[in-house]
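Working notes, beginning with the structure itself.
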Amino acid sequence: MATSISSQLLESLLTPGRIATVLLLFTVSSFIVDFTWKPRYSASLPRVGFGGGVVGSIRNWVGYVTHFNRWVEEGYEKYTKHNRAYVVPSAPSRPQEVVIPRSQTAWLLELPDRILSAKEAHADLMHGDYQFLGTDDQFPIGALHKHLTRNLVGLIPAIQNDVHSAIDATFGADTENWKSLNLWEALLGIVPVVTNRVVVGETCKNKEFVDSQVSFVDALVRNSFILNMFPKILHPVVAPFVVLPNWWIWRKSFRILGPVIEKRLHDMARKAAGDAEYEAWEPEECLITWLIRQAQADGATGKLNAALISKSLLPIEFAAIHTTVITGHNLLLDLLSSDPKDKYPEVLREESTRALGAEGDGYWTKTGLSNLYRTDSAIRESMRLSHFATALTHRKVIAKEGITNAAEGWHVPQGGYLMLDLAGTHHDPDLYPEPHAYDPLRFSRVREEYETRPKEEKSDPEEALRVKRLGMVTTSDAYLPFSHGRHACPGRFFVAHELKMILAYLLRNYEIKPIAERPKPIWIGQTIVPPIDAKIEIRRRKGTV
């Protein structure tokens with residue numbers, strides 16, 4: 001009887017309406033608590049957006065999804081161009097950010113990591129504590145810094161073979177009929193394979209594994225959008241459920257990669273121990289090997305674990321696949337929608353044919369790729385014009401005392417965020433004439449003109465350095481797609497080689513119809529959603545099969 005009464009009482013209390021009300025009040029309360037915990041910035045800093053206070057903050061959180069780029073454009077004209085910092089609203093999970101003018105770039109980037117942290121900012125931006133399954137990106141980034149550049153030259157032939165086979169498999173060998181293909185899906189058939197040549201070596205040929213990495217990247221992007229809209233105070237409750245797909249995808253991929261890593265660990269341990277059977281043996285050069293080699297060199301035996309190494313690859317998979325696919329997608333859309341009378345695809349095709357012919361054996365070298373001035377310029381120009389994020393350089397204040405800007409006098413407390421405006425800088429007519437036009441030879445004209453001068457007219461070392469800095473991998477306060485400073489992307493040299501080889505092979509071996517009008521992307525917050533339904537018409541060139 002008592003049980004029956006208790007059940008009836010419970011049913012009368014836990015009605016759907018009351019449950020919904022409790023959940024709503026809990027969510028609203030979480031937003032309010034989160035708002036009170038966020039850092040406060042100096043009143044002297046101007047603001048863009050819908051204002052401050054609770055009501056203004058709620059409007060900013062909602063408006064962030066569709067208004068962020070317009071806010072930053074407004075701030076660039078009102079404040080950045082006049083060497084002033086300002087505050088821009090952010091997503092509900094993040095504090096507002098202080099946008100630093102270009103004139104103060106050196107000040108921002110020269111502050112030590114114990115004061116301003118790129119690592120903490122990136123971890124918060126991607127919710128790395130949850131998304132990367134308990135690992136961070138410092139171990140793999142450190143290994144890339146130390147090992148990628150010194151091994152990249154030796155990897156070029158294998159990368160080139162993967163580029164050729166992936167493009168052939170994706171676009172086919174039909175020289176008679178035009179084929180209509182979704183460009184986004186086509187690049188997903190090429191870039192992840194080529195990227196994973198450097199990450200996992202021969203395992204890049206395992207389609208199931210490569211597809212799993214693409215799925216992980218997709219989940220990461222989707223989860224970031226979801227978590228951005230929850231107050232940070234709720235992340236410990238919400239995030240473990242949101243990232244469940246990450247765990248499932250990783251376990252699926254580890255069934256394939258785990259045995260590869262275990263064998264590499266075993267073989268490299270025997271090699272390091274001086275085993276005579278391994279005297280002539282050398283491991284395959286890829287990130288797996290570099291992580292093991294770095295852990296051995298550091299005496300970090302706890303990192304010599306197959307599961308940990310596999311998880312350590314995830315931040316690199318995300319950064320390399322996601323950004324390179326978008327960059328290649330933008331590049332081809334920009335190039336194919338350029339004025340047909342300029343014949344830019346033919347110009348680039350002629351350059352790559354001439355440069356590859358000079359190599360002799362049909363294989364690229366570092367020197368040959370570096371001589372592709374026009375191809376390099378076409379890629380750099382697309383990265384300037386068609387960026388995929390409003391900002392890629394973020395810093396989080398971790399010093400307990402905060403920081404004070406000497407130039408303007410404002411103060412940002414611990415937990416505050418600072419950023420550089422990539423979009424406004426790249427589209428500034430004072431830096432780039434006709435900034436909204438795609439001019440694929442914008443940077444190569446200067447380099448080519450300089451190379452044609454007599455030797456006696458190239459004696460100025462400062463001019464030589466300025467010309468050299470026009471290459472796509474060189475960052476500056478006016479060119480930020482790889483960020484800038486000591487935390488600039490360590491994989492940019494590989495990306496340059498990869499994209500040059502892809503574009504060169506594509507233009508030399510395939511005909512692609514021009515696009516009448518470039519499809520427009522959609523922006524959500526700070527991030528682009530590419531026109532993934534864009535299609536191209538393509539067929540194999542006669543005599544190239």
Side-chain angles (χ1 to χ4, degrees), residues 123 126-141 143-144 148 155 158-159 162 165-166 169-170 184-185 187-224 226 239-268 283-295 302-326 491 494 498:
M126 295 309 305
H127 311 286
D129 291 344
Y130 304 103
Q131 297 251 58
F132 295 121
L133 315 183
T135 62
D136 64 36
D137 59 6
Q138 295 310 293
F139 181 32
I141 286 177
L144 282 177
L148 176 58
L155 286 168
I159 294 169
D162 289 334
S165 59
T170 300
W184 181 262
E185 293 177 0
L187 287 169
L188 283 175
I190 299 167
V191 170
V193 174
V194 179
T195 296
N196 271 285
R197 165 59 63 179
V198 170
V199 179
V200 299
E202 278 292 312
T203 308
C204 72
K205 296 179 180 178
N206 186 307
K207 187 177 187 303
E208 185 180 358
F209 172 78
V210 173
D211 287 347
S212 73
Q213 302 312 290
V214 174
S215 296
F216 186 88
V217 170
D218 290 342
L220 208 72
V221 174
R222 181 178 61 250
N223 295 346
S224 293
I226 294 171
F241 295 98
V242 173
V243 304
L244 282 175
N246 301 39
W247 283 97
W248 183 83
I249 295 167
W250 171 74
R251 289 193 177 98
K252 181 181 177 182
S253 68
F254 188 64
R255 286 198 296 269
I256 300 168
L257 193 60
V260 175
I261 300 175
E262 291 283 6
K263 187 173 190 313
R264 191 73 48 83
L265 284 164
H266 172 267
D267 292 344
M268 290 182 70
E284 181 182 20
E285 295 297 343
C286 65
L287 184 54
I288 293 173
T289 296
W290 304 336
L291 289 170
I292 297 171
R293 189 177 289 153
Q294 194 59 49
K303 293 180 179 178
L304 296 172
N305 173 279
L308 176 60
I309 290 172
S310 176
K311 291 176 184 177
S312 295
L313 303 178
L314 297 176
I316 305 303
E317 293 279 10
F318 166 72
I321 292 175
H322 182 255
T323 58
T324 308
V325 169
I326 294 179
F494 164 67
E498 178 183 19

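Values below: all heavy atoms of this structure, side chains included; hydrogens, waters and symmetry mates excluded.
To the nearest 0.5 Å, atoms CD1 (Ile326) and CH2 (Trp184) are separated by 4.5 Å. Within the model, atoms CG of Asn196 and NZ of Lys205 stand 13.0 Å from one another, a figure rounded to the nearest 0.5 Å. Note: Leu313 CG to Gln213 CD = 7.5 Å, rounded to the nearest 0.5 Å. The structure places CH2 of Trp290 at 6.5 Å from CG of Leu144, a figure rounded to the nearest 0.5 Å. A distance of 4.5 Å separates CZ in Arg264 from SG in Cys286, rounded to the nearest 0.5 Å. Separating the CG atom in Leu155 from the CG atom in Leu148 is a distance of 8.0 Å, to the nearest 0.5 Å.
Looking at Glu284 and Thr289, their side chains never bring a donor and an acceptor atom within 3.5 Å of each other. A side-chain N or O of Gln131 and one of Asn246 form a donor-acceptor pair less than 3.5 Å apart.
Closest approach of Leu308 and Asn305 over heavy atoms only: N-OD1, 2.9 Å. Summarising the geometry of Ala306 relative to Phe254, their closest heavy-atom pair is O-CE1, 3.5 Å, with the distance given to 0.1 Å. Closest non-hydrogen pair, Pro140 versus Asp136, comes out as CD-O, 3.8 Å. Contact record, Phe494 with Thr195: CZ-CA, 3.9 Å, taken as the closest heavy-atom pair. Nearest heavy-atom pair across Leu187 and Val325 is CD1-O, 3.9 Å. Across every non-hydrogen atom of Val210 and Cys204, the tightest pair is CG2-O, 3.2 Å.
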**OP:** Could you walk me through whether Val260 and Glu202 pass side chain to side chain contact (heavy atoms under 4.5 Å, CB included), step by step?
**Re:** CA-CA 10 Å; Val260 175; Glu202 278 292 312; over 6 Å; no

**OP:** Dump the intermediate steps for side chain to side chain contact (heavy atoms under 4.5 Å, CB included) on Ile316 and Ile141, then the final yes or no.
**Re:** CA-CA 8 Å; Ile316 305 303; Ile141 286 177; 4.3 Å; yes

**OP:** Apply the test side chain to side chain contact (heavy atoms under 4.5 Å, CB included) to residues Val200 and Leu287: give CA-CA distance (whole Å), side-chain angles for both, the deciding distance (0.1 Å), then the verdict.
**Re:** CA-CA 6 Å; Val200 299; Leu287 184 54; over 6 Å; no

Subject >> Stepwise side chain to side chain contact (heavy atoms under 4.5 Å, CB included) test for Ser312 and Leu291 >> reply: CA-CA 9 Å; Ser312 295; Leu291 289 170; 4.2 Å; yes

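Contact check for Glu208 versus Lys252: side-chain heavy atoms found under the 4.5 Å cut-off. Using a 4.5 Å heavy-atom cutoff, the side chains of Glu498 and Val191 are in contact. Between Glu317 and Phe216, the closest side-chain pair of non-hydrogen atoms is not below 4.5 Å.
By the 30° and 60° cut-offs, the orientation of the rings of Phe318 relative to His322 is parallel.
A donor-acceptor pair under 3.5 Å is formed between the side chain of Ser215 and the backbone N or O of Asp211. Proximity of a side-chain donor or acceptor of Ser253 to a complementary backbone N or O of Trp250 within less than 3.5 Å is detected.
A salt bridge does not link Asp218 with Arg222: every distance from a Lys NZ or Arg NE/NH1/NH2 to an Asp or Glu carboxylate oxygen is 4.0 Å or more. Between Arg293 and Glu285 there is a salt bridge, since at least one side-chain N of the basic residue sits less than 4.0 Å from a carboxylate O of the acidic one.
No more than 12 heavy-atom neighbours from other residues, nucleotides or ligands sit within 6.0 angstrom of CH2 on Trp248.
In summary, of the residues considered (Ile256, Asn206, Ile249), a side chain to side chain contact (heavy atoms under 4.5 Å, CB included) with Ser212 occurs for Ile249 alone.
Cation-pi contact between Lys311 and Phe132: absent, since separation from the ring centre below 6.0 Å together with deviation from the ring axis within 45° is not met.
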